[in-house]
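Residue numbers run from 1 in the order of the sequence given.
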Amino acid sequence: MEIGYVILYVGELERSVAFYRDVVGFAYKFTDAGYAEFDAGGVRFALYERRRAEWLTGRGVTPGAGGEVVVMVDGVDAYAERLVAAGVQVLSGPADRPWGHRTVHVADPDGFVVEFAEEIPRARQRR
């Protein structure tokens with residue numbers, strides 16, 4: 001078993017495409033019929049217009065941040081500087097986390113939390 005796709009339902013497709021292409025840095029592949037796809041290093045990451053999602057789900061889709069997308073990077077601090085320079089509001093960080101990540105959190109145009117993380121030594125062990 002493996003994850004084939006991660007798809008977020010978004011309000012304005014072009015605005016979200018620009019965010020994930022230009023701010024996050026995912027390699028944009030294509031847009032077709034309200035759907036946009038990116039190469040995210042082995043996982044297909046996609047956006048789908050929320051207004052079309054009812055066709056798939058059989059009901060309306062409520063917007064909001066019910067989870068987060070974690071993007072593993074080298075140099076979280078440099079990413080944080082780049083995000084601020086691009087006008088993106090940082091929600092938290094950069095900060096060292098005890099589970100072994102240095103992270104910075106931002107919100108995408110629809111409020112989904114995007115975490116940029118790099119691995120660092122763990123500060124504590126699980127019990």
Side-chain angles (χ1 to χ4, degrees):
M1 184 184 315
E2 65 183 34
I3 294 175
Y5 290 80
V6 172
I7 302 171
L8 301 180
Y9 298 142
V10 300
E12 294 180 35
L13 187 63
E14 290 307 314
R15 180 179 69 169
S16 293
V17 165
F19 178 84
Y20 283 97
R21 181 191 59 221
D22 303 336
V23 176
V24 174
F26 286 158
Y28 172 75
K29 292 172 71 177
F30 67 89
T31 297
D32 183 34
Y35 173 88
E37 190 171 297
F38 300 82
D39 181 355
V43 173
R44 291 183 182 132
F45 180 82
L47 307 170
Y48 192 58
E49 290 178 331
R50 188 178 313 118
R51 67 183 180 83
R52 297 174 186 243
E54 186 172 350
W55 176 80
L56 289 174
T57 63
R59 58 185 158 162
V61 177
T62 305
E68 69 179 47
V69 175
V70 179
V71 181
M72 298 304 294
V73 299
D74 291 323
V76 160
D77 293 288
Y79 265 83
E81 290 174 13
R82 197 183 87 173
L83 293 165
V84 169
V88 176
Q89 180 182 3
V90 173
L91 301 174
S92 71
D96 291 345
R97 307 300 180 179
W99 52 86
H101 284 162
R102 181 163 178 79
T103 67
V104 63
H105 292 83
V106 301
D108 81 357
D110 287 275
F112 290 104
V113 175
V114 179
E115 174 187 311
F116 294 88
E118 69 177 302
E119 292 188 11
I120 61 172
R122 288 180 70 101
R124 73 169 187 228
Q125 299 297 319
R126 292 185 178 170
R127 296 178 192 205

How close do G34 and R52 get, counting heavy atoms only, and between which atoms? CA-NE, 3.6 Å
Contacts satisfying salt bridge (charged side-chain N to carboxylate O under 4.0 Å, His left out) that involve residues 94-107 (not counting sequence neighbours) are D77-R102, D96-R102
Using side-chain heavy atoms (C-beta onward) and a distance below 4.5 Å, is V76 in contact with T103? no
Atom of A117, atom of V70 and distance for their closest heavy-atom approach: CB-CG1, 4.2 Å
Nearest 0.5 Å please: distance from the OH atom of Y48 over to the OH atom of Y9. 8.0 Å
Does a side-chain heavy-atom distance below 4.5 Å link Y5 with E37? yes
Would you name the heavy atoms of F45 and L8 that are closest together and state the gap between them? CZ-CD1, 3.8 Å
Should R50 and D110 count as side-chain neighbours, where that means a heavy-atom distance under 4.5 Å? yes
Any heavy-atom pair between the side chains of M72 and E118 that's under 4.5 Å? no
For Y79 and V71, run side chain to side chain contact (heavy atoms under 4.5 Å, CB included): C-alpha distance rounded to whole Å, both residues' side-chain angles, the deciding distance at 0.1 Å, then the answer. CA-CA 11 Å; Y79 265 83; V71 181; over 6 Å; no
Looking at OG of S92 and CD of E115, how far apart are the two atoms once the value is rounded to the nearest 0.5 Å? 8.0 Å
Here the pair of heavy atoms bringing V106 nearest to V90 is CG1-CA, 4.1 Å
What pairs of donor and acceptor atoms, side-chain ones from residues 18-28 against any protein atom, are under 3.5 angstrom apart with sequence neighbours left out?
{"residue": "Y20", "atom": "OH", "partner": "D108", "partner atom": "OD2", "Å": "2.7"}
{"residue": "Y28", "atom": "OH", "partner": "T31", "partner atom": "N", "Å": "3.1"}
{"residue": "Y28", "atom": "OH", "partner": "T31", "partner atom": "OG1", "Å": "2.6"}

